[in-house]
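Here the structure is laid out as structure tokens; the discussion comes afterwards.
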Amino acid sequence: MSMEDSSESDLELSTVRHQPEGLEQLQAVTKFTKKELQSLYRGFKNECPSGLVDEETFKLIYSQFFPQGDATMYAHFLFNAFDMDRVGAIRFEDFVVGLSILLRGTVHEKLKWAFNLYDINKDGYITKEEMLAIMKSIYDMMGRYTYPMLRDDAPIEHVERFFQKMDRNHDGVVTIDEFLETCQKDENIMKSMQLFENVI
């Protein structure tokens, strides 16, 4: 995509006004009340008057929550997990459905969402490279001044431990079934997933 094409799509995105689905429909597919949805929508429209969030805006908003680190890469991965249609923008519906899963979903729903986050290229598998990219982005976002101090090789060690547990058939990738089964059976993995819950 050339710079000209990019600026044209930015212009299109900024001039398009997206009308979200009705509250009743959103209530049916999320675990939010009507009042909560109205409040979320007001906040969403305040930050994104067009009703759509592009990736740069998402990164700017998200980075405000992690001033001590660099949230750019993690926000990129998170944006892609929310952008279900792969159109380069998050609609209010995408946002609240994802948020509902993360905040009020079952363990199974949260794990499926997490798998989608880790599966960067959306091929149905998590590779060590994908998991490492996510882990590095989380460590970058948390900042260099975390306590206790994290070593540079900490993300690699974290990924190696995860893969030893998850890659049950040792084929170099983790499937959704391996991911779900391992996470649900392993107390330490469940705890470490909860560790990052407040990151999302």
Quiz item: Looking at L52 and F44, what are the two nearest heavy atoms and their distance?
Solution: N-CE2, 4.3 Å
Practice problem: Please check if the side chain of D54 supplies one atom and the backbone of A89 the other of a donor-acceptor pair under 3.5 Å. | Solution: no
Quiz item: How many angstroms lie between atom NE2 of H108 and atom CD1 of I101, to the nearest 0.5 angstrom?
Solution: 10.5 Å
Quiz item: R86 side chain to N80 main-chain N or O, any donor-acceptor pair under 3.5 Å?
Solution: yes
Quiz item: Looking only at heavy atoms, what is the nearest atom pair of K45 and P49, with distance?
Solution: NZ-O, 2.7 Å
Quiz item: F82 and W113: aromatic ring centres closer than 6.0 Å?
Solution: yes
Quiz item: For D85, which residues count as a salt bridge (charged side-chain N to carboxylate O under 4.0 Å, His left out) partner, sequence neighbours excluded?
Solution: R91
Quiz item: Is there a donor-acceptor pair under 3.5 Å between the side chain of E130 and the backbone N or O of T127?
Solution: yes
Quiz item: Is the side chain of T30 donor-acceptor paired with the backbone N or O of L26 at a distance under 3.5 Å, no angle test?
Solution: yes
Self-check item: Any residue meeting salt bridge (charged side-chain N to carboxylate O under 4.0 Å, His left out) with R104, in chain and number order, not counting sequence neighbours
Solution: E36
Quiz item: With D70, which residues qualify under side-chain contact (heavy atoms from CB on, under 4.5 Å), at least two apart?
Solution: T72
Self-check item: Set of ring pair (Phe, Tyr, Trp, His ring centres under 6.0 Å) partners for F163, sequence neighbours left out
Solution: none
Exercise. In sequence, state the C-alpha distance, the side-chain angles, and the governing distance for M142 and I138, and then conclude on side-chain contact (heavy atoms from CB on, under 4.5 Å).
Key: CA-CA 6 Å; M142 301 314 276; I138 290 171; 4.3 Å; yes
Self-check item: Closest non-hydrogen atom pair between V159 and K128, with its separation
Solution: CG1-O, 3.9 Å
Practice problem: Compare every heavy atom of G124 with every heavy atom of F115, then report the nearest pair and how far apart it is. | Solution: CZ-O, 3.4 Å
Quiz item: Excluding sequence neighbours, so at least two apart, what forms side-chain contact (heavy atoms from CB on, under 4.5 Å) with E47?
Solution: I61
Self-check item: Carboxylate-amine/guanidinium proximity below 4.0 Å for E178 and K165
Solution: no
Quiz item: side-chain contact (heavy atoms from CB on, under 4.5 Å) with F77: which residues, sequence neighbours excluded?
Solution: M73, L117, I120, A133, I134, S137
Quiz prompt | Atom pair OH (Y118) and CZ (F162), whose distance is rounded to the nearest 0.5 Å | solution = 5.5 Å
Self-check item: Shortest non-hydrogen contact from G98 toward M84
Solution: N-CE, 4.4 Å
Exercise. Taking D167 for its side chain and D171 for its backbone only, find out whether a donor-acceptor pair lies under 3.5 Å.
Key: yes
Quiz item: Remaining members of Y125's ILVMFWY cluster at a side-chain heavy-atom cut-off under 4.5 Å?
Solution: V173
Self-check item: Short side-chain to backbone donor-acceptor contact, K122 and N116, under 3.5 Å
Solution: yes
Quiz prompt | Any donor-acceptor N/O pair, D177 side chain to E181 backbone, under 3.5 Å | solution = no
Self-check item: Partner residues of K35 under the salt bridge (charged side-chain N to carboxylate O under 4.0 Å, His left out) criterion, sequence neighbours left out
Solution: none
Quiz item: Could you state the interatomic distance from CD (Q164) to OG1 (T182), rounded to the nearest 0.5 Å?
Solution: 12.5 Å
Quiz prompt | Which residues share a side-chain hydrogen bond (donor to acceptor under 3.5 Å, both in side chains) with S100, sequence neighbours left out | solution = none
Self-check item: Spatial distance of atom NZ (K34) from atom CG (L37) [nearest 0.5 Å]
Solution: 10.0 Å
Practice problem: Mind checking side-chain hydrogen bond (donor to acceptor under 3.5 Å, both in side chains) for K112 and listing every partner two or more places apart, or none if nothing turns up? | Solution: none
Quiz item: Taking the inter-plane angle between the rings of Y74 and Y62 on a 0 to 90° scale, is it parallel (under 30°), tilted (30 to 60°) or perpendicular (over 60°)?
Solution: tilted
Quiz prompt | Residues that L103 engages under side-chain contact (heavy atoms from CB on, under 4.5 Å), provided they are two or more places apart | solution = F32, L99
Quiz item: Has the side chain of D83 got a donor or acceptor atom that lies under 3.5 Å from a matching backbone atom of V87?
Solution: yes
Quiz item: When rounded to the nearest 0.5 angstrom, what is the spacing between NZ in K136 and CE in M131?
Solution: 14.5 Å
Quiz item: What pair of heavy atoms forms the shortest contact from M135 to P155, and how long is it?
Solution: CB-CB, 4.2 Å
Practice problem: For K59, enumerate each residue passing the salt bridge (charged side-chain N to carboxylate O under 4.0 Å, His left out) test, keeping only those at least two apart in sequence or located in another chain. | Solution: E55, E56
Quiz item: Quick check: does any side chain N or O of S63 sit under 3.5 Å from a backbone N or O of L60, one acting as donor and the other as acceptor?
Solution: yes
Self-check item: Parallel, tilted or perpendicular: ring planes of F92 versus F95, cut at 30 and 60 degrees
Solution: tilted
